[in-house]
2 protein chains.
Amino acid sequence: MTNDQNLETAPQEVEARAVEARVEAFIGVREARRSEVAEDYVELIAELIHDNGEARPVDIATRMGVTAPTVAKTLGRLARDGLITRAKYRSVFLTEEGRALAKECRHRHEIVLRFLLSLGLDPETAERDAEGIEHHVSERTLALFADFADRS
Amino acid sequence: MTNDQNLETAPQEVEARAVEARVEAFIGVREARRSEVAEDYVELIAELIHDNGEARPVDIATRMGVTAPTVAKTLGRLARDGLITRAKYRSVFLTEEGRALAKECRHRHEIVLRFLLSLGLDPETAERDAEGIEHHVSERTLALFADFADRS
DNA sequence: GCAAAAAGTTAGCTTAGGCTAACAATCAAG
DNA sequence: CTTGATTGTTAGCCTAAGCTAACTTTTTGC
């Protein structure tokens, strides 16, 4: 410690802490990114099961805007990670864990969407932004969003 | 068209349009994801140049929370995409295009951060969420955020 | 001015998430 | 019950973004 004024927090320490927070933020965002696709799939699968009684890969592909092989590969990952079960050439089902995740995602999506709409955004833009934002809101922010939407 | 009531918009058409909007949202989010890393780097490089007079790969690595080889590879892509220039074993510089992007990102980041703070969020969480959210807010939403923060 | 430390690079591996082409299975009409 | 359309899978490719290990270059301290 080759330092003087230690009675008050030195400016460079404040700065250092800010930088550290930023680094944490970057790392956190990278982590969030890794589960984004899984969350989108699980949420969509739940929706398809609810609406159509089943979630077929072809419908997932259409709704996600990707090709069938991409869906197949992603479903393989979801199955490996214990979020879905499936049999060859058959529809997809959510595991207990998958259902829980889907529910949580839907909840977040709805709050974010409701919040954006209550801010005065048009529905199309709100939908689009919500889709991107929902994976990056902390519990704390979500609570504030819900609160705000309720008050409006 | 084996359909009846065409005087009003049929419910399944409304539904179809909603689904289409959702698909567009997914595609849009995927596009946004592709430029997220580049935006983060460019923004950070601008910051380092401003604060330290130069942007060294080692500092980028530390601040991004990744290793030096990862930075090297990413810088290669940024150079290829015309956002930065660099010479071997030397610091990194932004091109005109890179500077413009950095400025835009910083602007977005600041608005989102200011907005979250004005909602009542603590600074650490705000920083973290802003980092994730900033890449997914449309111009329209950004305007509403700025407006809200100003009014607070 | 040289040796050690720090910084930068290269090679090579991994995973995720896209794609097309080719093939296999299922389903639906006839 | 067969055949053609639809759906699903597999193989193989690509890019991005991460890593470690090994190497080169630059900087720094004596």
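Nothing here was measured: the structure is a model prediction, and the numbers come from that model. Letters A, B, ... are given to chains in the order of the sequence lines, protein chains preceding strands, and every chain is numbered from 1. The analysis underlying the following values was restricted to heavy atoms, covering all of them including side chains, and did not include hydrogens, waters or symmetry mates.
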Identify each atom pair where a protein N or O and an N or O of nucleotides 25-27 of chain C are less than 3.5 Å apart, giving names and distance.
{"from": "C:dT26", "atom 1": "O3'", "to": "A:R90", "atom 2": "NH2", "distance (Å)": "3.4"}
{"from": "C:dC27", "atom 1": "OP1", "to": "A:R90", "atom 2": "NH2", "distance (Å)": "2.9"}

What nitrogen or oxygen pairs link the protein and nucleotides 19-23 of chain D at under 3.5 Å?
{"from": "D:dC19", "atom 1": "OP2", "to": "B:T67", "atom 2": "N", "distance (Å)": "2.9"}
{"from": "D:dC19", "atom 1": "OP2", "to": "B:T67", "atom 2": "OG1", "distance (Å)": "2.8"}
{"from": "D:dC19", "atom 1": "OP2", "to": "B:T70", "atom 2": "OG1", "distance (Å)": "2.7"}

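Here the P atom of nucleotide C:dG17 and the CD atom of A:E36 are 9 Å apart, to the nearest Å. The NE2-P distance, from B:H135 to D:dA17, rounds to 11 Å in whole Å. In this structure, CG of A:D81 is placed 12 Å from C1' of C:dT15, rounded to the nearest angstrom. Residue A:L75 contributes atom CG, which lies 14 Å from atom C1' of D:dT10 at whole-angstrom precision. Between B:E31 atom CD and C:dC19 atom C1' there is a gap of 15 Å when expressed in whole angstrom units. Computed from coordinates, the B:Y41 OH to D:dA17 P distance equals 8 Å when rounded to whole Å. Between the CG atom of A:D40 and the C1' atom of C:dG17 there is a distance of 13 Å, given to the nearest Å. Note: CZ (A:R56) to C1' (D:dT9) measures 16 Å, nearest angstrom.
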| said: salt bridge (charged side-chain N to carboxylate O under 4.0 Å, His left out), that's the test. Do A:R22 and B:E124 meet it? Break it down for me. | reply: CA-CA 9 Å; A:R22 199 81 187 285; B:E124 288 78 18; over 6 Å; no
| request: List the steps, then state whether side chain to side chain donor-acceptor pair (under 3.5 Å) holds for A:T62 with A:D59. | output: CA-CA 5 Å; A:T62 306; A:D59 294 324; 5.1 Å; no
| query | When you look at A:E36 and A:H136, which way does the side chain to side chain donor-acceptor pair (under 3.5 Å) test go after all the steps? | reply | CA-CA 9 Å; A:E36 275 183 50; A:H136 300 279; 2.9 Å; yes
| request: Show your reasoning for whether side chain to side chain donor-acceptor pair (under 3.5 Å) applies to A:E134 and A:H109. | output: CA-CA 6 Å; A:E134 61 173 314; A:H109 184 88; 2.8 Å; yes
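Taking hydrophobic clusters as Ile, Leu, Val, Met, Phe, Trp and Tyr residues chained together by side-chain heavy-atom distances below 4.5 Å, B:V92 shares a cluster with B:L94.
A ring-centre distance under 6.0 Å is found for A:F148 and B:F148.
Ion pairing of B:R99 with B:E96 is present here, as a side-chain N (NZ or NE/NH1/NH2) and a carboxylate O approach within less than 4.0 Å. The pair A:R140-A:D147 does not meet the salt-bridge criterion, since no charged nitrogen lies less than 4.0 angstrom from a carboxylate oxygen.
A sub-4.0 Å separation between OP1 or OP2 of C:dT15 and a side-chain N or O of A:R80 is absent. Of the side-chain N and O atoms in B:R77, one or more sit less than 4.0 angstrom from OP1 or OP2 of D:dA17. Contact check, B:R34 against D:dA16: no side-chain N or O comes under 4.0 Å of OP1 or OP2.
Screening residues 78-88 of chain A for side-chain hydrogen bond (donor to acceptor under 3.5 Å, both in side chains), with sequence neighbours left out, gives no hits.
Nearest-nucleotide assignment on DNA chain C puts the 5′-proximal partner with B:V58, out of A:A38 and B:V58. Mapping B:D59 and A:R33 onto DNA chain C via the closest heavy atom, the residue that lands nearer the 5' end is B:D59.
Closest approach to the A:R86 side chain among C:dT10, D:dT9, D:dG18 is made by D:dT9 (side chain taken as heavy atoms from C-beta onward).
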